[in-house]
Protein chains: 2
Amino acid sequence: MIETANRDRRAERREATKAEIVDAAWALARAEGLAAVSLRDIAKAVGMQAPSLYGYFGSKHEIYDAMFAMGAQQFVDAEPWDEMTGDALHDVRCIVHYVVRFCSEDIARYQLLFQRTIPGFEPSAASFAISEGNLARLGEQLARVGITDPRAIDLFTALSAGLANQQISNDPGGDRWIRLIDDAVAMYVQYMTGVGEDPQPTDRSTDQLTDQRTGGAPR
Amino acid sequence: MIETANRDRRAERREATKAEIVDAAWALARAEGLAAVSLRDIAKAVGMQAPSLYGYFGSKHEIYDAMFAMGAQQFVDAEPWDEMTGDALHDVRCIVHYVVRFCSEDIARYQLLFQRTIPGFEPSAASFAISEGNLARLGEQLARVGITDPRAIDLFTALSAGLANQQISNDPGGDRWIRLIDDAVAMYVQYMTGVGEDPQPTDRSTDQLTDQRTGGAPR
DNA sequence: GTCTATATTTGGATAGAC
DNA sequence: GTCTATCCAAATATAGAC
């Protein structure tokens, strides 16, 4: 019994140290860029020498994999699905806001999770499963507001990815494309659900994009 | 006179060699990834030793810069603007097709031109000017079909970038998002120009995405 | 578990002969 | 202009002492 207790304590300590290492790696990635992360710097950040890291991870790629899993898990944890109302416009808007903010608030995380920027790195099956779960739950939510066609879902991901990508690439730290989300979602939902219900819905929605803020200089 | 002629020939030869080096660098980037390009490999590809490259470029970043300029110039050269008709739907569709194909047919080029994947590299003013010219001409074309609002243009770039990004990241070599372009453009143009002109335009367009190809399994 | 020491590889870049 | 030789730095990873 005492032995088991000791083992548990040791295992807990070990997991805590691993988490500390991954946290340090993320901090470095955010500060210096994902590709600039080195074992030396990680070790220095946690008060170790580089070789000591091999007591916790078998290779640098294993650290990347743990980072990947952590990032994907963060997406799960902050999911906005208790805010869903069943109204398509509101719910889709809410989801896209969440996705774009999640991507643009941490570019390094975005690159590791959604781009292929680390040469030779691929997430393990376990880590990748977290990501696939995210996509599946997203599909469920879209289905709940009546969007079930695979092509419609692909268009949704393209729209979200495009807004996030432009925000990150062309206005990092700003909100130039974030401010477009509501209009983009209006366009999408309108196209998906049909606008025939409202006699003249185009007047208002078109104005939002073509007449409003015409004088506003984009960054 | 003879001296000038000799100088010209030498200059031409020099430019030809520089072009050869940049071509080799691009070939390596496409084969091994942008970050995996090394001076040694470039030199080997053109039949030189690594230090000889410094007779043509002052640093590796200068080679990246020349690659950037070449990629941006390729975008100019293949521009589809002699195919413009003045019809918004047709022209926008044509432009998006061009952009998405340009991006997805060469991922290394896409990464260098549109993502920030090389740590510490920024294009020179001259190279960047080519890119800005591209964006400006794109804006002119959109204006010609009545899309002038900065926000509308931003939404256009987001939509194009999103389709290209998803195509590259999730279906490289395929056409899963390329096949969505026509629908995406219909959605966009419909939202921009207003659908009030057509009594019931939503029936057809909605069907395209929600009912058509429902059984088609996405990759 | 952590360290020091080191192997190994691979880069970019420079010096100087030819 | 191109070469050989070399420098220097940085990175991953391993061996073995403590």
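Here is how names work: the chains are called A, B, and so on, in the same order as the sequence lines, proteins then strands, and each is numbered from 1. Just the heavy atoms: all of them, side chains too, but no hydrogens, waters or symmetry mates, feed the values below.
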Under 4.0 Å: is that the gap between some side-chain N or O of A/Arg14 and OP1 or OP2 of C/dG1? yes
Report which part of the nucleic acid A/Gly58 touches: base, sugar-phosphate, or nothing (heavy-atom distance under 4.0 Å, all strands). nothing
Take atom CD1 of B/Ile63 and atom C1' of C/dG11, then tell me their distance rounded to the nearest Å. 13 Å
Within the 4.5 Å heavy-atom criterion, are B/Phe68 and B/Ile118 side-chain neighbours or not? no
Quick one: sort the A/Phe121 and A/Tyr64 rings into parallel, tilted or perpendicular, breaks at 30° and 60°. tilted
Are A/Tyr54 and D/dT12 close enough that a side-chain N or O sits under 4.0 Å from OP1 or OP2? no
Write down the distance between CD (B/Glu15) and P (D/dG1), rounded to a whole number of angstrom. 11 Å
Using a 4.5 Å cut-off on heavy atoms from C-beta on, say whether the side chain of B/Arg137 contacts that of B/Val76. yes
Near DNA chain D, which residues from residues 21-46 of chain B have a heavy atom under 4.0 Å away? none
Provide, to the nearest angstrom, the distance between the NZ atom belonging to A/Lys60 and the C1' atom belonging to C/dT8. 16 Å
Between P on D/dA13 and CE on A/Met48, what's the gap in Å once rounded to a whole number? 17 Å
Does the side chain of A/Tyr98 pick up a donor-acceptor pair with the side chain of A/Glu79 at under 3.5 Å? no
Is there a side-chain contact between A/Ile130 and A/Gln74 in this structure, where contact means two heavy atoms from C-beta onward sitting under 4.5 Å apart? no
Phosphate contact (D/dC3 OP1 or OP2) by B/Ser52 side-chain N/O below 4.0 Å: yes
Rounded to whole Å, how long is the line connecting atom CZ of B/Phe57 with atom P of D/dT2? 12 Å
Cation over ring, A/Arg109 on A/Phe114, under 6.0 Å and within 45°? no
Figure out the CG/P separation between B/Leu53 and C/dG12, and round it to whole Å. 10 Å
Can you name the closest pair of heavy atoms from A/Phe57 and A/Ile21 and give their distance? CE1-CG2, 3.8 Å
Taking only side-chain N and O atoms of A/Tyr56, does any of them lie within less than 4.0 angstrom of OP1 or OP2 on C/dT2? yes
Rounded distance (Å) that lies between atom P of C/dA17 and atom CD of B/Gln49: 19 Å
Using atom CD of A/Glu20 as one end and atom P of C/dT2 as the other, report the distance to the nearest whole Å. 10 Å
